[in-house]
Amino acid sequence: MLEIGDKRVFVTGGASGIGRAIIEALLAKGAKVLFCDVNADAGKGLETELRKQYGADRVIFAQCDVTNAQQLEDVFQKAVSSFGGLDVCVNNAGILDERIWETMLAINTTAQIRGCKLALDHMRRDKGGRGGVIINVASMAGIVAAHYHPVYTASKHAVVGFSLSWATHPKMGEMGVRWGCLCPGPVDTKLITVLEEGQAENLPVYRHVLDTNKVPPESAAQAFIRLLEDDESNGGLMTVVAGREQGHYRKRQLVDADGVSNPRLADIPWTPT
Ligand SMILES: NC(=O)c1ccc[n+]([C@@H]2O[C@H](COP(=O)([O-])OP(=O)(O)OC[C@H]3O[C@@H](n4cnc5c(N)ncnc54)[C@H](O)[C@@H]3O)[C@@H](O)[C@H]2O)c1
Ligand SMILES: CCCCC[C@H](O)/C=C/C=C\C=C\C=C\[C@@H](O)[C@@H](O)CCCC(=O)O
């Protein structure tokens with residue numbers, strides 16, 4: 001089991017919602033966190049609040065628009081230099097708005113992939129790093145079809161596919177980097193409350209989802225912690241869905257017993273634990 005207490009963590013989109021809940025759960029377990037967000041007021045406010053509780057040396061906020069490659073690299077390097085390295089990278093920033101679908105792809109997919117690449121370059125043992133964990137906040141919409149937001153669904157499937165591809169890399173063992181995705185269904189955050197303000201094209205469908213199927217962000221954070229702590233979770237997709245056991249874990253056994261060679265994808269079913 002991974003011991004979170006001494007870990008140095010980078011989180012994107014941490015000023016609210018699931019990112020914020022993840023940061024609070026990490027701090028409660030003793031981690032140090034640098035989080036970024038495009039919303040400077042919310043980020044600064046949260047930094048002030050959390051520093052009172054956990055100490056100024058354990059929480060740092062930096063403003064960043066993750067779609068700006070230079071800004072993302074700069075805040076990532078700030079995390080590395082502030083903590084003397086990074087052990088965990090959480091690519092969480094995301095939006096849901098089909099009307100600005102190119103921007104949504106830039107945030108949900110391109111920036112998450114860019115964050116992964118920065119983290120992998122820093123962490124991989126075969127290139128001088130010290131190993132680590134990369135967890136991407138995807139969605140149930142990264143696993144199932146969701147006709148009411150097709151581009152959002154595509155953006156999340158891409159993240160799941162990217163993560164699983166690296167998780168099954170033949171040299172994954174040498175790299176010492178573990179991959180996972182948090183895949184919640186609807187969570188009670190700003191991302192879906194804006195839909196209630198009329199952003200959705202297909203409001204009746206959203207209405208049904210919004211009325212019946214939400215979990216609090218703290219439940220998503222608990223599931224995140226479970227995924228992070230499990231050293232055996234490489235390639236794991238952690239689902240969190242209202243009405244189901246919290247943190248139902250779909251683990252795909254993606255590699256052979258030697259851990260690195262001959263990935264077998266077709267013949268091994270989902271294995272809930
Ligand atoms: N709420 C849900 O129902 C739900 C379900 C599954 C997955 N998710 C995913 O969880 C993640 C977090 O979403 P949330 O529900 O907590 O929503 P949220 O709106 O509360 O939080 C998203 C955060 O990302 C930040 N952000 C947005 N664009 C950014 C940018 N360009 N650069 C930096 N930061 C940016 C926002 O300012 C905000 O603080 C997203 O990737 C989302 O797709 C959400
Ligand atoms: C207004 C909705 C916003 C939701 C955002 C979120 O990111 C998208 C979720 C998309 C799909 C959710 C699907 C949920 C399915 C569950 O009801 C269940 O059918 C899935 C089974 C889960 C399991 O553990 O087997």
Side-chain angles (χ1 to χ4, degrees), residues 9 11-29 33 35-39 41-43 45-47 49-50 53 61 66 90-100 103-104 107-108 112 135-153 155-157 159-160 180-228 237-250:
V9 187
V11 181
T12 68
S16 68
I18 296 170
R20 176 184 176 141
I22 285 173
I23 291 166
E24 293 186 332
L26 286 165
L27 291 169
K29 282 188 168 270
V33 180
F35 71 99
C36 71
D37 205 287
V38 72
N39 185 334
D41 289 344
L46 181 60
E47 181 192 59
E49 190 182 327
L50 294 175
Q53 198 173 348
F61 168 71
V66 294
V90 186
N91 294 297
N92 164 74
I95 63 166
L96 169 51
D97 191 336
E98 296 282 319
R99 298 169 309 174
I100 48 167
T103 303
M104 184 161 64
I107 298 171
N108 294 8
Q112 285 213 3
I135 295 185
N136 294 316
V137 180
S139 166
M140 275 300 298
I143 301 175
V144 301
H147 67 91
Y148 37 91
H149 44 44
V151 179
Y152 181 81
T153 300
S155 76
K156 296 301 184 176
H157 270 69
V159 164
V160 168
C181 290
L182 184 68
C183 297
V187 183
D188 195 4
T189 71
K190 182 159 58 72
L191 180 126
I192 61 176
T193 54
V194 293
L195 297 171
E196 302 189 67
E197 291 155 15
Q199 281 195 25
E201 266 175 41
N202 192 356
L203 204 54
V205 176
Y206 282 112
R207 185 74 266 154
H208 172 71
V209 179
L210 293 168
D211 286 345
T212 56
N213 270 328
K214 281 182 276 189
V215 299
E218 292 73 23
S219 296
Q222 281 167 21
F224 165 87
I225 293 291
R226 189 170 151 211
L227 183 62
L228 177 59
L237 306 179
M238 177 65 87
T239 65
V240 194
V241 178
R244 299 228 167 194
E245 178 198 351
Q246 293 300 295
H248 185 70
Y249 191 6
R250 294 172 163 222

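Position 1 is the first residue of the sequence; numbering continues from there. Side chains included, hydrogens not; waters and symmetry mates left out as well; all remaining heavy atoms used.
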Asks: Kindly give the heavy-atom pair with the smallest separation between Val144 and His157, and that separation in Å.
Replies: O-CE1, 3.2 Å

Asks: Contact between Ile18 and Leu182 at the side-chain level, heavy atoms closer than 4.5 Å - yes or no?
Replies: yes

Asks: For residues Ile192 and Val187, determine if any side-chain heavy atom of one lies less than 4.5 Å from a side-chain heavy atom of the other.
Replies: no

Asks: Which residues pass the salt bridge (Lys or Arg N to Asp or Glu O under 4.0 Å) test with Lys29, not counting sequence neighbours?
Replies: Glu229

Asks: Donor-acceptor pair, His149 side chain versus Asp97 backbone, under 3.5 Å?
Replies: no

Asks: Roughly how far, to the nearest 0.5 Å, is the OG1 atom of Thr12 from the CG atom of Asp37?
Replies: 8.5 Å

Asks: If the condition is side chain to side chain contact (heavy atoms under 4.5 Å, CB included), which residues does Ser16 pass it with, not counting sequence neighbours?
Replies: Lys190

Asks: Check Asn92 against Gly14 and note the closest heavy-atom contact, atom names and distance.
Replies: ND2-N, 4.5 Å

Asks: Please report the closest heavy-atom contact between Ala141 and Ser139, naming both atoms and the distance.
Replies: N-OG, 2.8 Å

Asks: Considering only heavy atoms from C-beta outward, does the side chain of Ile143 approach that of Thr239 to under 4.5 Å?
Replies: yes

Asks: Listed by chain and number, what are the salt bridge (Lys or Arg N to Asp or Glu O under 4.0 Å) partners of Glu218, not counting sequence neighbours?
Replies: none

Asks: Is any side-chain heavy atom of Tyr152 closer than 4.5 Å to one of Glu98?
Replies: yes

Asks: Minimum heavy-atom separation for Phe35 to Leu46, with atom names?
Replies: CZ-CD2, 3.8 Å

Asks: Measure across Ala138 and Pro184 and return the closest heavy-atom pair with its distance rounded to 0.1 Å.
Replies: O-CD, 4.1 Å

Asks: Please round to the nearest 0.5 Å and tell me the distance separating atom SG of Cys183 and atom CE of Met238.
Replies: 10.0 Å

Asks: State, yes or no, whether a side-chain contact exists between Lys156 and Gln112 at a heavy-atom distance under 4.5 Å.
Replies: yes

Asks: Less than 4.5 Å apart, any side-chain heavy atom of Val66 and any of Asn91?
Replies: no

Asks: How far does CG of Leu96 sit from CG of Leu191, to the nearest 0.5 angstrom?
Replies: 5.0 Å

Asks: Show your working on side-chain contact (heavy atoms from CB on, under 4.5 Å) between Val90 and Asn136 and close with a plain yes or no.
Replies: CA-CA 6 Å; Val90 186; Asn136 294 316; over 6 Å; no

Asks: Are the side chains of Val241 and Val215 in touch, meaning some heavy atoms are under 4.5 Å apart?
Replies: no

Asks: Under 4.5 Å between any side-chain heavy atoms of Ile22 and Ile135, yes or no?
Replies: no

Asks: Working to the nearest 0.5 Å, report the span between OG1 of Thr153 and CE of Met140.
Replies: 11.0 Å

